Amino acid sequence: MSQSVFHERQRLELCAVHALNNLLQNPEFNHQRAEEICRGLAPNSMINPHRSLLGTGNYDVNVIMAALQIMDYAAVWWDKRKSLECLVLCEIFGFILNIPSPISLGFVSLPITRKHWIAVRQIDGVYYNLDSKLKAPAKLGGPKELKEFLRDCISGGSCEILLVVRREVEDKRLWIIEEEQAT
C-alpha cells in the first residue's frame, strides 16, 4: 500500500461522522459541523429529528446526504433488487452502508442490534471496509471481493447501501449499467 489509510475509530454515536471522514480519507466533519447541518435541516424544530435526543450523534441519512452535497458528492440509494453487476465501479467514489450492529455493555453482547453507518472505499486499487468499530481498516480486495462483501451485507437483512458519486455522475446516471444493457 503506497499511502496510509485514514481510519477514525468509533466515539459516542458519531458513526455517520466517522463514515463520512473515513470515506473522504480526511477529517472533514466533526460533531459540531454535523450539529450545524442538523440545525440547517430542521431550523425551527425544538427537537431535531435528524439526530439523537441527547445530542450525542446518531445522525440520520439526511445529515449524511447534506454533508456529501457540501463536498460536491451525491448519495444514490442502491436498489437491492438489482444485480451488483450493474454497478460501474470506476464511477463510484465509495459506499456508505447502514447495517445492523450488535449492542454491548462492556464485554457483554446484548441480543439486540441498532443501525450503524460504515464506509467502504477503494484506495490504491484495493477496497477497504472502513467501519469505525474496527480496530483498523479491513482489506476486502478487488471488485469481486467488494461485491461479495456487499452481497453478504444485503443478505444479512436490514442493510441500506448508498453509492457515493460525484454530482455529474449522478446527473448522467454513469454509476449504473441499465439492466437491459447488461444482458
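The structure displayed is predicted, hence computed values, not measured ones.
By the 6.0 Å and 45° rule, R121 does not stack over the aromatic ring of F95.
With hydrophobic clusters built from ILVMFWY side chains whose heavy atoms lie under 4.5 angstrom apart, L97 does not share a cluster with F6. Placement of V17 and L134 in two distinct hydrophobic clusters is found when ILVMFWY residues are connected by side-chain heavy-atom separations under 4.5 Å, directly or transitively.
Here the CE atom belonging to M71 is positioned 5.5 Å from the CZ atom belonging to F29, to the nearest 0.5 angstrom. To the nearest 0.5 Å, atom CD1 of residue I118 and atom CG of residue L130 are 8.5 Å apart. In this structure, C153 SG and N129 CG are separated by 7.5 Å, a value rounded to the nearest 0.5 Å. Distance check, rounded to the nearest 0.5 Å: CZ of R151 to CG of L146 gives 9.5 Å. For the atom pair NZ of K147 and OG of S83, the computed distance is 7.5 Å after rounding to the nearest 0.5 Å. Atom CZ of F149 and atom CD1 of I154 lie 10.5 Å apart (nearest 0.5 Å).
Taking every heavy atom of both residues into account, S4 and Q25 meet most closely at O-OE1, 4.2 Å. Between R33 and E28 the shortest heavy-atom distance is NH1-O, 2.7 Å. Taking every heavy atom of both residues into account, L174 and E91 meet most closely at O-CG, 3.4 Å. Across C159 and I161, no two heavy atoms sit closer than the pair SG-CG1, 4.0 Å. In terms of heavy atoms, A19 sits closest to A119 at O-CB, 3.3 Å.
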Show the numbers, then the answer: is there a salt bridge (Lys or Arg N to Asp or Glu O under 4.0 Å) between E160 and K80?
CA-CA 8 Å; E160 297 299 331; K80 297 176 287 191; 3.3 Å; yes
With side chain to side chain contact (heavy atoms under 4.5 Å, CB included) as the criterion, how do L20 and W117 come out once you've worked through the C-alpha distance, each side chain's angles and the decisive distance to 0.1 Å?
CA-CA 9 Å; L20 286 163; W117 295 107; over 6 Å; no
Working note: F93 + V169, criterion side chain to side chain contact (heavy atoms under 4.5 Å, CB included); need CA distance, chi angles, decisive distance, verdict.
CA-CA 10 Å; F93 180 73; V169 170; over 6 Å; no
Side chain to side chain donor-acceptor pair (under 3.5 Å), that's the test. Do N30 and Q32 meet it? Break it down for me.
CA-CA 6 Å; N30 58 25; Q32 179 183 348; 5.1 Å; no
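Of the N and O atoms on the side chains of Y73 and R167, not one donor lies less than 3.5 Å from an acceptor on the other residue.
The shortest distance between side-chain heavy atoms of H7 and H18 does not fall below 4.5 Å. Under the 4.5 Å side-chain criterion, counting only non-hydrogen atoms from C-beta, L14 is not in contact with E8. Side-chain contact between L23 and L68 is present, with at least one heavy-atom pair separated by less than 4.5 Å. Counting only heavy atoms from C-beta outward, the side chains of Q122 and P143 never approach each other to under 4.5 Å. Side-chain contact check for I96 versus I64: some heavy-atom pair is nearer than 4.5 Å. Using a 4.5 Å heavy-atom threshold, the side chains of L150 and W78 count as separate.
No more than 12 heavy atoms of other residues, nucleotides or ligands shown are found within 6.0 angstrom of NZ on K139.
V120 pairs in a side chain to side chain contact (heavy atoms under 4.5 Å, CB included) with only one of the listed residues (D131, N22, L140), which is L140.
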